[in-house]
*Asks:* 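There's a structure below that I have some questions on.
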Amino acid sequence: VKVKEPIAPEYRLIRKEQLLFTYFHFASDRELTLAMIENGSVCLAYETVEKADHSLPLLIPMSEVAGRMAIQEGARFLEKPQGGKGILPGGVPGVKPAKVLILGGGIVGSNAAQMAAGLGADVTIADINLSRLRYLSETLPKNVKTLYASEVRLKKELPDVDLVVGSVLIPGDKAPHLITRDIAIDQGGCFETSHPTTHSEPTYVVDGIVHYAVANIPGAVPYTSTLALTNATLPYVIALANKGWRKACKEDPALALGLNVVEGKVVYRAIADVFGLKYEQLNLE
């Protein structure tokens, strides 16, 4: 059991048929994918464990942390000494607050919206799911507006926005590029100009725009993140330990969807499609 995917020096330590239960984010790392195929391990990914209602129980706690951290870090890098525009998110009497655009109304996006609204920012959250937008409109603070995320509307919003948070995820796949270079991270990032950064060097500038693209945002608050993640993973860990991965996955369809690479076979279609690899349906009998 790990928190993050194996790194290169660990590849040789992983044995054939050994079970690894962690975040993998295979779709953004071809080298890792091929290494896990080669070593014949059983890779059960937190991020694709999916319940019948399409919720992602092992991604939710880290998404909550990442969404809240996104605004905390965004506020920091809006400061002039950090390379930003020198804007206070909530403004002050007589000075308008910052405009914040959040792309995606899922767990990350809704948590980011809550935090930004709490700071007093002028917040817009965009999504393509009208039902989700209706729910967010009813539950988020009144300084949060909802927007249907069409290309035309996003282009209209972007020139006046001070902070953009990308929080769009396709489970097990790369995030789509919603903002391309001409109109302007674990899973690739939804900005064309994104590339992963680290906590030690979190930002870079493209076309005068500060990009914060740390691949493991919750790693900045490891105490909170550890407790939040363990609350969610422990029941699954116990089931795997007591039953073995085959029986546990057979009895729990949500857990079975976490199987990505099994004994040299890619058993999660999105990963096979990203890298042009053969997809094989797994038989748990």
Side-chain angles (χ1 to χ4, degrees), residues 23 46-75 89-90 97-158 160-179 185-191 217-218 221 224-225 228-229 231-233 235 252-255 257-258 270:
Y23 289 117
Y46 290 164
E47 69 273 10
T48 62
V49 173
E50 184 175 345
K51 292 187 174 182
D53 62 0
H54 301 299
S55 64
L56 304 169
L58 305 187
L59 198 59
I60 285 173
M62 294 302 92
S63 296
E64 291 170 335
V65 174
R68 297 177 184 216
M69 283 288 296
I71 299 303
Q72 182 171 307
E73 295 300 307
K99 288 190 175 183
V100 177
L101 173 62
I102 298 167
L103 303 175
I107 302 298
V108 173
S110 60
N111 276 268
Q114 287 176 352
M115 288 291 285
L119 290 175
D122 178 0
V123 185
T124 298
I125 187 165
D127 203 289
I128 58 173
N129 184 329
L130 286 174
S131 295
R132 182 65 177 175
L133 290 177
R134 291 189 184 99
Y135 170 78
L136 294 172
S137 180
E138 293 171 358
T139 58
L140 288 173
K142 294 306 176 186
N143 55 327
V144 179
K145 302 180 290 293
T146 58
L147 178 72
Y148 187 82
S150 70
E151 181 180 351
V152 171
R153 288 172 177 167
L154 290 180
K155 282 185 176 181
K156 187 175 180 180
E157 289 287 321
L158 283 168
D160 297 324
V161 168
D162 301 302
L163 173 62
V164 183
V165 176
S167 61
V168 176
L169 173 74
I170 300 174
D173 206 343
K174 280 193 171 183
H177 287 162
L178 297 185
I179 298 182
I185 264 317
D186 281 346
Q187 292 283 95
C190 57
F191 305 99
I217 294 176
V221 287
T224 298
S225 298
L229 183 60
N231 289 341
T233 58
D252 187 346
L255 187 61
L257 288 172

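Hydrogens, waters and symmetry mates play no part in the numbers below; they use all other heavy atoms, side chains included.
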*Asks:* Walk me through whether Y46 and M62 qualify under side chain to side chain contact (heavy atoms under 4.5 Å, CB included).
*Replies:* CA-CA 11 Å; Y46 290 164; M62 294 302 92; over 6 Å; no
*Asks:* Please find the pair of heavy atoms, one from A70 and one from V165, that lie closest to each other, and give the distance.
*Replies:*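 Of all heavy-atom pairs spanning A70 and V165, the closest is CB-CG1, 4.0 Å.
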*Asks:* Is any side-chain heavy atom of I107 closer than 4.5 Å to a side-chain heavy atom of L59?
*Replies:*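 Side-chain contact under 4.5 Å: no.
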*Asks:* Should T124 and V161 be marked as a side chain to side chain contact (heavy atoms under 4.5 Å, CB included) after you check the CA-CA gap, both sets of side-chain angles, and the distance that decides it?
*Replies:* CA-CA 10 Å; T124 298; V161 168; over 6 Å; no
*Asks:* Can you name the nearest heavy-atom pair linking I102 to V123, along with the distance?
*Replies:*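 Result for this residue pair: CD1-CG1, 3.8 Å.
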*Asks:* Distance from D252 atom CG to K51 atom NZ, nearest 0.5 Å?
*Replies:*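 With rounding to 0.5 Å, CG (D252) is 8.5 Å from NZ (K51).
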*Asks:* Thinking salt bridges, do E157 and R153 make one under a 4.0 Å N-O criterion?
*Replies:* no
*Asks:* Do any pairs count as a side-chain hydrogen bond (donor to acceptor under 3.5 Å, both in side chains) and have a residue in residues 65-75, sequence neighbours left out, and if so which ones?
*Replies:*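 Every pair satisfying side-chain hydrogen bond (donor to acceptor under 3.5 Å, both in side chains) with a residue in residues 65-75: R68-N111, E73-R76.
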*Asks:* Look up atom OG1 in T48 and atom CG in L58, then write down how far apart they are to the nearest 0.5 Å.
*Replies:* 9.0 Å
*Asks:* Determine all donor-acceptor pairs shorter than 3.5 Å in which one atom belongs to a side chain in residues 135-144; sequence neighbours excluded.
*Replies:*
| unit_1 | atom_1 | unit_2 | atom_2 | d |
| --- | --- | --- | --- | --- |
| T139 | OG1 | Y135 | O | 2.9 |
| N143 | ND2 | A117 | O | 3.1 |
| N143 | ND2 | A121 | O | 3.1 |

*Asks:* Give me the atom names and distance for the closest heavy-atom approach of K99 to D160.
*Replies:* CD-O, 3.5 Å
*Asks:* Going by the salt bridge (charged side-chain N to carboxylate O under 4.0 Å, His left out) test, which pairs reach into residues 113-131, not counting sequence neighbours?
*Replies:*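 Counting only pairs at least two positions apart or across chains, the salt bridge (charged side-chain N to carboxylate O under 4.0 Å, His left out) contacts touching residues 113-131 are D122-K145.
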*Asks:* Measure across A126 and L101 and return the closest heavy-atom pair with its distance rounded to 0.1 Å.
*Replies:* CB-CD1, 4.4 Å
*Asks:* From the options S225, S63, P61, select the one residue that forms a side chain to side chain contact (heavy atoms under 4.5 Å, CB included) with P218.
*Replies:*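 So the option named by the test is S225.
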*Asks:* Do you know which two heavy atoms are closest between T146 and L133, and how far apart they sit?
*Replies:*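 Taking T146 first and L133 second, the nearest heavy atoms are CG2-O, 3.6 Å.
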*Asks:* Over all heavy atoms of both residues, which pair between L103 and L154 is shortest? Give the atoms and the distance, please.
*Replies:* CD2-CD2, 3.7 Å
